[in-house]
Every structure is written in C-alpha cells, then in structure tokens.
There are 2 protein chains.
Amino acid sequence: MKILIVEDEQGLRENMLTYLSEDKNVCESCTNLADALSKLGLYNYDFVLLDIGLPDGEGFEVLRYLKDKMREEAVIIISARNSLDDRIKGLNIGADDYLTKPFHLSELKARIVAVFRRKSTNSSNKLVFNEIVINLMERTVTINETEIILTRKEFDMLLYFVANKGKVISKTALAEHLWGDEMDMHDNFDFIYSHIKNLRKKILDFTTNDYLKSIYGIGYKFTDK
Amino acid sequence: MKILIVEDEQGLRENMLTYLSEDKNVCESCTNLADALSKLGLYNYDFVLLDIGLPDGEGFEVLRYLKDKMREEAVIIISARNSLDDRIKGLNIGADDYLTKPFHLSELKARIVAVFRRKSTNSSNKLVFNEIVINLMERTVTINETEIILTRKEFDMLLYFVANKGKVISKTALAEHLWGDEMDMHDNFDFIYSHIKNLRKKILDFTTNDYLKSIYGIGYKFTDK
DNA sequence: AGTTAAATTCAGTTTTACTTCAGTTTTACC
DNA sequence: GGTAAAACTGAAGTAAAACTGAATTTAACT
C-alpha cells in the first residue's frame with residue numbers, strides 16, 4: 001500500500017517510516033500541513049497517517065481537503081491530545097480511526113489492517129453527527145461509543161430526520177414517510193408523539209444535547225448544532 | 001401556504017379544501033373563471049390549483065393572466081382530459097405541473113411539495129436582508145448569526161412582509177393572508193397589533209434597525225434600507 | 001401455540017401560541 | 001394645544017398542541 005505519513009516529530013516519523021516499509025508498503029512522509037496538501041495534490045495514496053498538531057496548522061485541514069475532493073484515502077489521526085472533542089471532530093470530518101500518542105507501532109499496524117478491511121468490505125457506511133454515529137449497513141446507532149437499541153420505527157424515523165438535517169419535517173410528512181400515504185390519521189398524531197418520545201428518551205439517556213427539536217404547530221427538526 | 005382552488009365539481013373541490021387545510025394551509029376556492037380572476041385580482045397566493053374545464057371558459061385564461069401580470073403563484077393544472085396537447089399548452093403558458101383526474105389527494109400534495117421545493121431551491125433557499133437571514137426550509141430566522149425563535153404567525157407574517165418588501169401592507173391584507181378571508185374581524189385589529197408587537201420585539205432584541213415601519217392609518221411596511 | 005417485543009391507543013397533564021382586554025401612548029387634524 | 005382615532009403595550013385567559021406513562025392491541029419470533 002501507498003502510505004503518506006504527516007508528522008513533525010522526527011523520531012516518531014522515522015520509526016513509522018521504517019516500520020511500515022518493512023511490510024512492503026510504499027511510504028512517504030512530510031512534516032507540515034503545506035507539504036501534505038501539496039503531496040496529496042500530486043499523488044493518490046491508500047492511507048494517510050495524520051498528526052493533528054502541525055507547525056503550520058491543524059491536521060484537520062487535510063481531512064477537509066480530502067472530504068471536499070471526495071478522495072478515497074483512508075485516514076488515521078494521530079494526536080497527542082486525547083480529548084473526545086478531537087476524536088469526534090476527526091471522525092466527523094471523515095477520519096477512519098484515531099490513535100493517541102504514545103502508541104506501539106504494532107498497534108498502528110493493527111489499526112491500518114482493520115481500517116483497510118472495513119473500507120474494502122464497504123461496511124463503513126456511517127453517518128456521524130457529533131457524538132452520534134449511525135451505521136446504515138448494521139442499522140445501529142451509537143452515542144459516545146455506546147450503542148443504543150432502536151426499534152424499526154425509531155430507526156427509520158431517525159434516518160428520515162438526519163436525511164433532512166436542519167429542515168423542518170411536518171408530522172404529516174413524517175407519517176407519510178413512515179406509514180405510506182394510505183394511512184389516514186385524521187388529526188391523530190398520538191403514535192407520532194409516542195415514537196418521538198421514545199426516540200428522544202433513548203437519545204437523551206446518553207447525551208444532553210437535544211437533537212430533535214419540536215417546532216410548535218409545524219413539526220420536528222433534527223439539528224446538529 | 002395560501003392556496004386557491006379553482007374547481008367546479010363540488011365533491012372534488014370540497015375534498016381538496018379539507019385535505020389541504022389539514023396541513024396548515026390557508027385555502028380558498030371558487031367554481032368558475034370569473035371568480036378566479038377576481039380573487040387573483042384582489043389577493044396573492046402561493047399556489048393555484050386550476051381546473052381547465054370551467055363553466056364559463058377555459059382555465060388557461062388564468063394562466064395567461066398570471067403570466068401577463070408576472071405573478072409568482074405556482075400553478076398546478078387539474079384536468080379531466082389527458083391529452084398531451086393540453087398538457088403541453090398548460091406547461092407552455094407557465095403551469096408548474098399537471099394532474100389528470102382522477103387522482104389521489106396524496107398525489108396532489110406530493111406534487112405541491114415538489115413544485116414548491118423546485119421553486120424555492122431554484123431561487124436560493126435563503127432570503128437575506130442585511131443582517132437578517134431567513135431560511136425557508138429550516139424555518140429559521142437569524143439576525144447577526146444568532147437565531148431568533150418565531151411562532152407560526154410571526155414567521156408567516158415576516159414572510160409576507162419580506163415577500164412584499166418596500167410595499168405598504170394594509171392590516172386587512174395582512175389579516176386575509178394569515179387567516180384567510182373567512183375570518184371576520186369587524187374593525188378589530190387587536191391580534192395584529194399583538195403579533196406585530198411581538199415580532200418587532202424579537203427583531204429589535206438583536207438589531208437596532210426598525211425593519212417594520214408603521215404607516216399611520218394605512219398599515220405596515222418591511223424595508224431593507 | 002405461547003412468549004416477547006413493538007406499535008398503537010388512551011387518558012390525563014403540561015406547554016405553547018393565539019387571542020382578548022384594559023389601559024397607555026402616539027398621530028393626524030382641527 | 002386639544003381631541004379623537006389609531007396604534008401600541010403588558011398581562012391574562014383560552015384553546016390547541018405536545019407530551020407523558022401506562023394500557024392495550026398487534027406483530028414477530030421461537
């Protein structure tokens with residue numbers, strides 16, 4: 001595989017370089033943001049190992065660049081900080097995994113293999129909204145890495161909401177999406193109230209943000225912010 | 001949304017009226033060409049659902065009228081004939097969609113939504129007036145990047161004002177747009193005063209410009225400058 | 001079949017927006 | 001400036017909408 005290593009610490013960079021090269025990988029490295037973006041502009045890689053704290057900016061820029069250009073490179077973030085925010089931010093912008101310094105080179109290799117397998121089986125089809133991660137293939141939802149168990153209706157409901165993130169969804173539109181338009185619910189939204197309530201409860205058990213806002217008289221809105 | 005239904009078949013007309021009213025639309029209806037033109041002369045609508053075969057003429061006249069006056073109303077033609085000619089003729093004169101009887105009311109609604117989305121996405125979803133940004137899909141209003149929470153009536157009111165930016169809106173026109181013409185408010189504008197007051201207050205909490213000017217004895221005017 | 005979970009209904013409660021009202025301020029016109 | 005109509009204001013009442021917990025019905029899975 002062709003791997004780009006973006007890391008300013010000389011020792012770590014050279015260790016990764018030699019260690020990964022032993023496994024028949026083609027490795028290149030650079031020490032700052034500008035060089036990384038320039039290299040990515042010239043070549044395609046299979047993997048980018050990305051330090052966040054770089055001398056000329058944050059590694060997130062690379063992620064944004066790749067996401068913006070719809071590039072296929074797998075990215076593993078390598079960061080000194082172990083904050084949840086950075087981890088989630090990285091995964092949000094499209095990173096595939098996250099590694100905190102210090103780490104064993106063997107762990108790095110294991111993660112590369114794992115990410116590669118996940119990407120090639122194409123089951124990494126996930127939607128990320130802050131601490132909420134929705135895996136479409138597995139039909140699972142995790143919040144802060146703990147899975148919440150949703151029923152069919154709850155999951156479909158959540159999907160419809162996130163598919164229309166930010167937009168206001170009327171209760172009738174919701175009903176039509178979930179039950180089809182044959183359903184006549186003359187002014188009876190009890191079951192919607194019920195499902196909304198249950199979905200909200202499950203979400204609020206693991207995060208304090210209210211993602212599902214009510215718009216009085218209009219409907220509901222799923223929001224990121 | 002404010003919808004005008006032009007349909008001479010009593011059953012169908014009443015069905016559409018009740019069905020669409022359920023979705024918080026303000027609906028009015030008439031049964032012939034003359035009334036339709038008269039109503040369009042008096043009020044603005046968001047949508048016109050237009051039957052072609054009317055007792056006193058062809059619905060195409062309405063389309064010509066709207067086109068001639070450069071009106072913004074979206075038009076969905078409803079016709080018993082399924083001839084390609086009519087369809088083409090209608091779309092040529094400026095109809096946005098075409099529906100052949102008989103049809104399901106759910107299909108009508110789906111088309112209304114689709115036409116509305118097409119119309120609104122074509123003309124950049126967001127309305128911007130200096131520091132005020134109105135997002136129709138999200139049903140949000142931000143002033144200097146902070147969101148202000150508006151109720152239904154406040155939001156609809158604001159929309160009506162900005163749609164008629166610079167023009168003076170009489171209180172009766174405002175009342176008719178927001179409540180439909182069934183509402184009789186014999187010289188009692190208390191609720192308008194109330195809503196205006198609340199809307200103004202919310203706006204003035206975040207900007208010092210008075211966008212909503214009162215024209216004594218006449219009405220109100222939303223202005224940019 | 002029987003068991004469990006999910007979907008829906010129900011009745012009672014809380015919340016919210018809309019309207020009304022009474023009192024005050026502003027405006028146009030004499 | 002005085003006056004009456006028009007416009008505004010804060011607060012209170014009211015009905016609709018939304019929410020809730022639990023009960024019931026329905027569907028799903030051995």
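Residue numbering restarts at 1 for every chain, and letters A, B, ... go by the order of the sequence lines.
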Enumerate, atom names and distances included, each donor-acceptor pair closer than 3.5 Å involving a side-chain atom of residues 191-198 of chain A, sequence neighbours excluded.
| residue | atom | partner | partner atom | Å |
| --- | --- | --- | --- | --- |
| A:N198 | ND2 | A:S194 | O | 3.2 |

Inset, instruction - Answer yes or no on whether A:K171 is positioned over the face of A:F189, meaning its NZ or CZ is under 6.0 Å from the six-membered ring centre and within 45° of the axis. - result: yes
Legend entry - Helical bend (five base pairs per end, nearest 10°) for the helix from C:dA1-D:dT30 to C:dC30-D:dG1: 40°
List every contact pair, protein side and nucleotides 21-30 of chain C side both N or O, where the distance is under 3.5 Å.
| residue | atom | partner | partner atom | Å |
| --- | --- | --- | --- | --- |
| C:dT27 | O2 | B:Y216 | OH | 3.2 |

Inset, instruction - Take B:Y193 and B:K201, find for each the nucleotide of DNA chain D with the closest heavy atom, and name the residue whose nucleotide sits nearer the 5' end. - result: B:Y193
Inset, instruction - Could you check how far CD1 of B:I149 sits from C1' of C:dC18, rounded to whole Å? - result: 18 Å
Inset, instruction - Grab the CG-P distance between A:L199 and C:dT8 for me, whole Å please. - result: 15 Å
Legend entry - A:I218 CD1 to C:dT16 C1', straight-line distance once rounded to whole Å: 13 Å
Legend entry - Presence of salt bridge, A:K221 and B:E138, under 4.0 angstrom: no
Inset, instruction - Taking heavy atoms of chain A and a 4.0 Å limit, find me the 5'-most and 3'-most nucleotide of DNA chain D within that range. - result: D:dA16 to D:dA28
Inset, instruction - Inspect the contact between B:D156 and B:K2 and indicate whether a charged nitrogen and a carboxylate oxygen are less than 4.0 angstrom apart. - result: no
Inset, instruction - Using a cut-off of strictly less than 4.0 Å between a heavy atom of the residue and any atom of DNA chain D, enumerate the qualifying residues of residues 150-157 of chain A by number. - result: A:R152
List the atom pairs, donor and acceptor, that lie under 3.5 Å between side-chain atoms in residues 208-220 of chain A and the rest of the protein, sequence neighbours left out.
| residue | atom | partner | partner atom | Å |
| --- | --- | --- | --- | --- |
| A:Y211 | OH | A:N130 | ND2 | 3.3 |
| A:Y211 | OH | A:E131 | OE1 | 2.4 |
| A:S214 | OG | A:R200 | NH2 | 2.6 |

